[in-house]
Amino acid sequence: VNTMHRAISVLSRKVDNLTTTLRVCREHYYKELFSLRHGRQPSEEHEKFWFTPQAYQDTVSIQELRKRFGTEQEDLRKREQEVRE
């Protein structure tokens, strides 16, 4: 039972962190979108860019996608080469 409670608390903390990250990401994205849509120039340097996609990227998932698509590209190139021959 204690192990289950610990697992639930870890998962709850992860969900809370993800919720906070998504809220901040959405807030920054909408601020930048609003400023671009209405042509508002930033009044101070720190206002220039609110939304930075790199802050919200999951590097593990990106690496897995690149690995997967890399093998797919190789297979497609081999098939293309076979068709040409």
* Asked: Side chains of Val10 and Arg13: closer than 4.5 Å at any heavy-atom pair?
  -> yes

* Going by the side chain to side chain contact (heavy atoms under 4.5 Å, CB included) test, name the single residue among Asp16, Leu22, Val15 that passes it with Leu18. => Leu22

* Structure fact -> Rounding to 0.5 Å, atoms CZ (Arg79) and CZ (Arg84) come to a distance of 15.0 Å

* Asked: Which is it for Glu64 and Arg68 under the salt bridge (Lys or Arg N to Asp or Glu O under 4.0 Å) test, yes or no, and what are the steps along the way?
  -> CA-CA 6 Å; Glu64 289 299 317; Arg68 175 68 179 156; over 6 Å; no

* Lys/Arg N to Asp/Glu carboxylate O, Glu82 vs Lys78, below 4.0 Å -> no

